[in-house]
Each structure stands twice: as structure tokens, then as C-alpha cells.
Amino acid sequence: MSDALDAPEAPDAPDAARLDAADELRGRRAAFELDDDTVYLDGNSLGALPRTVAPRLADVVRREWGRLLIRSWEESGWWAAPERVGDRIGRLVGAAPGQVVVGDSTSVNVFKAVVAAVRLAGDGRDEILVDAATFPTDGYIAASAARLTGCRIRAVPAPDLAAAAGPRTVAALVNHVDYRTGRLHDLPGTTAALHEAGALAVWDLCHSAGALPVGLDGHGVDLAVGCTYKYLNGGPGSPAFLYVRRDHQDRFDSPLPGWNSHADPFSMDPAYRPADGAARGRTGTPEILSLLALDAALDVWDGVDLAAVRAKSLALTDFFLRRVAALVPPGRVESVTPAAHAERGSQVSLRCPSGAEDVMAALVRRGVVGDFRRPDVLRFGFAPLYTSFADAERAARTLAEVL
Ligand SMILES: *Cc1c(COP(=O)(O)O)cnc(C)c1O
């Protein structure tokens with residue numbers, strides 16, 4: 001049992017209703033299409049649907065596509081949407097305008113970022129460090145990028161990356177939050193240590209963008225990628241984002257220099273000349289329908305302070321851990337999510353040594369939707385814009401019943 005699970009329930013612990021009443025973000029839930037019978041704790045895998053999306057998409061389909069047709073690339077702003085939506089995400093991850101572009105999947109953007117990091121690195125560097133517990137796609141893609149560029153891969157646990165970087169290190173590719181355990185890695189410290197060793201920091205923000213403040217510019221991150229269908233609620237398969245720090249943009253050399261990243265795409269010039277700025281990270285024609293669904297989904301963030309999101313996220317996960325400890329029979333589950341706030345993302349992962357898959361299936365049948373990761377992990381994601389303390393209470397109670 002972790003410290004959080006061992007903590008005795010304070011006799012005067014505020015209950016869920018009181019915590020919800022005091023929650024400054026509670027009004028945001030109404031911006032989502034959520035049914036009150038379901039406790040949705042899988043927003044770390046597929047975010048809930050914001051109400052703004054369906055009407056916007058209907059207009060995009062019927063009017064912008066159906067009536068304006070090709071004119072929409074200019075008149076409806078389709079052509080510039082990857083950078084425009086990128087800037088909206090930039091605000092949420094601490095990037096000033098002009099450094100984030102939206103398009104392609106996270107997997108594809110990992111490829112661009114890792115190869116570009118090798119091309120940015122000085123001579124004599126041929127080692128790419130990869131977070132040993134990385135989400136698999138990052139590891140597969142980094143291995144291929146290494147083969148293509150004549151580098152080797154070394155897998156290192158994320159907390160040890162700072163010490164592992166040396167004179168041969170090109171870059172480290174790190175998951176900001178571990179998808180399995182919910183552990184938050186030290187982005188400022190690891191980035192600074194990599195720089196100290198002359199290496200670049202490439203962060204994967206899939207489980208932190210929209211869940212906590214990231215501070216890309218402030219911490220000097222070199223390159224970053226992230227997906228938009230988790231805490232950013234962009235919808236299934238919505239396009240990912242790529243951040244290229246402004247100081248690197250002139251030397252950013254994409255391994256996928258499609259015509260959309262050309263300085264003058266409609267010149268149809270046989271010779272490639274890269275665009276300036278974030279557009280250099282583009283590849284081919286943007287995924288307009290899913291990109292504009294994402295654009296509409298981002299409206300829920302207008303006026304939201306990421307510090308308030310973080311405070312609520314920690315309060316929710318603290319509360320859930322406390323209620324699980326109070327309600328679930330001892331010994332049935334153990335938290336693998338760090339108790340320390342500085343090491344916790346926005347999910348709680350409980351190891352359930354016996355029958356975890358069946359336990360999650362039973363939870364889902366009772367209207368509590370989390371997910372199961374082999375071999376024995378129950379994951380519960382807390383999306384501060386729409387998860388309530390009452391949801392956390394019901395999830396803990398239902399888990400106790402099932403167990
Ligand atoms: C969700 C996730 C991905 C997903 O990549 P796709 O290309 O969108 O399938 C990649 N990396 C991490 C760390 C993730 O959590």
C-alpha cells in the first residue's frame with residue numbers, strides 16, 4: 001500500500017458534495033455531453049465530447065465543404081488551421097505562438113522529432129536515450145529513427161535519464177507522464193540535465209497536455225509532441241501536435257518534408273524550400289474534419305487557468321485514493337501511482353493482483369468506466385474539466401462493492 005492509501009480518513013474529511021460545491025471549475029462540466037448515469041474515468045484515453053463540436057462540424061460539413069467547396073481553403077481558413085489551432089494548444093502547454101503545429105498522429109510526430117533532433121545535434125553524437133517504460137509506439141518509432149540515422153538506442157528509466165546523458169547523447173525521448181502508472185516525470189530537471197550534457201530534450205505530452213501546466217518555453221524544452229484526443233477532447237483519432245522551439249526552427253530539418261511544409265506550396269516547385277516557423281513541421285494536406293472538431297473542442301478551455309486544473313486534478317486523485325483506502329477491503333488493490341504530488345499526473349492506477357480484467361468489466365457494467373492494462377492494472381483518469389468529486393466517490397464505492 002502506498003502512503004496515500006495508508007493515510008487514515010480524517011474524521012472531518014469534507015465529503016464529495018462539499019468539495020464539488022467549492023470547486024471553481026464545476027461549471028465546465030455542462031460544456032460536455034455527459035450522461036449522469038455514467039462515471040467516465042477514461043478521459044486519459046478518449047476525452048469526453050464537448051457540446052460545441054457537433055454544431056461546428058455540421059457547419060463545416062454542410063456549408064464549408066458542401067457549399068463553399070474548394071474556396072474554404074482560404075475563405076474558411078482551412079489552410080492556416082494547423083498553425084492557428086497549434087497556437088491554441090500552445091497556450092495550454094506553455095508555448096508562445098508560432099511554435100506548435102497540428103497534424104498527423106503522435107507516432108508520426110515522434111518520428112519527425114527524433115530524426116530532426118539527430119540532425120540538430122552536433123557531430124560525434126550517436127546515442128538516443130528512450131524512457132524505458134515508454135508507451136510502445138514511441139519506442140518502436142525511435143528505434144526505426146535510430147536505424148535510419150546511424151544511431152543506437154539506449155533504454156533508461158525516466159528518472160535516471162538526467163544522469164545517463166553523456167557526450168555521445170543526441171537526445172532523450174521521454175513520456176512526461178507514464179501511461180501505465182500515472183507517474184509524472186521531472187520535465188524541468190531532466191531537460192536542464194540533458195542540456196548540461198549537450199543533448200536535446202524531446203517530450204511526449206500525451207498524458208499531460210490539458211491535464212497540468214507543462215511550461216515548454218519556460219523550461220527550455222527543445223521538441224515536443226502530444227495527442228489531442230485524451231485530455232484535449234479532440235475526438236477519436238484527432239490530429240496530434242508538434243512543438244519546435246523557436247531557436248531551433250531555422251535548423252529544423254523534417255524527415256517528412258511534404259509539400260505543405262514548403263515555403264511556397266502552390267509554386268509546385270520541384271526544389272524543396274522549407275517554410276519558416278511552425279509550418280515547417282507540416283507534412284501533407286491537413287485532416288480538416290478532425291482538425292476542426294478539435295478546434296471546436298478547444299473552446300472549453302477559454303478562460304481556464306491551468307493552475308486551477310492542476311489543483312483540482314490533485315485534489316480529485318487525493319480524494320479517490322483516500323476513499324479507496326477507506327472503502328476497499330485491505331489487500332485487494334495497491335496504488336502504483338506516486339503519492340507525492342510532484343510525481344503524479346492526472347490518473348490513478350491500482351494494481352489488482354487477482355482478476356483485474358474482470359473487475360474492470362464489472363465496474364463498466366455498473367457505469368464506472370475506467371480501463372484495464374495488462375497484466376493487472378486498473379486505470380482511472382481524472383479530467384478536471386468534467387470529473388467531479390461525486391464521480392470519484394461513486395467510483396471508489398463501486399470498486400469496493402465489486403471487490
Ligand atoms: C496515447 C499515446 C500515444 C498515441 O499515439 P498515436 O500515434 O496517436 O496512436 C503515443 N504516445 C504516448 C505516450 C501516448 O500516451
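Hydrogens, waters and symmetry mates play no part in the numbers below; they use all other heavy atoms, side chains included. Please read all numbers here as calculations on a predicted model, not as lab measurements. Just follow the structure's listing: the first ligand is 1, and inside any ligand the first atom is 1.
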> Got the closest protein heavy atom to atom 15 (O) of ligand 1, with its distance?
Replying inline: K230 NZ, 2.7 Å

> With a cut-off of 4.0 Å, which atoms of ligand 1 are near a heavy atom of S107?
Replying inline: 5 (O), 6 (P), 7 (O)

> For atom 5 (O) of ligand 1, what's the nearest protein heavy atom and its distance?
Replying inline: T106 CB, 3.5 Å

> Going by the atom numbers of ligand 1, which of them fall below 4.0 Å from some non-hydrogen atom of Y229?
Replying inline: 1 (C), 4 (C), 5 (O), 6 (P), 8 (O), 9 (O)

>> Can you confirm if the NZ or CZ of R245 lies within 45° of the ring axis of W203 and under 6.0 Å from the centre of its six-membered ring?
In response: no

> Below 4.0 angstrom, N of the basic side chain to O of the carboxylate: do D15 and R18 qualify?
Replying inline: yes

> Does the pair R154/E127 count as a salt bridge with the N-to-O cut at 4.0 Å?
Replying inline: yes

>> Using a 3.5 Å cut-off on N or O atoms only, is D138 in polar contact with ligand 1?
In response: yes

> With sequence neighbours left out, what residues match F389 under ring pair (Phe, Tyr, Trp, His ring centres under 6.0 Å)?
Replying inline: F319

> Which of the atoms in ligand 1, numbered in the order shown and given with their element, are less than 4.0 Å from a heavy-atom of S105?
Replying inline: 7 (O)

>> Side chain, backbone, both or neither: which applies to T137 and ligand 1 if a contact is any heavy-atom pair less than 4.0 Å apart?
In response: side chain

> Charged N to carboxylate O under 4.0 angstrom, R251 versus D253?
Replying inline: no

>> For a quick check under 3.5 Å, do S349 and Q347 share a side-chain donor-acceptor pair by atom type?
In response: yes

> Under 4.0 Å from any heavy atom of H207, which atoms of ligand 1 are there?
Replying inline: 15 (O)

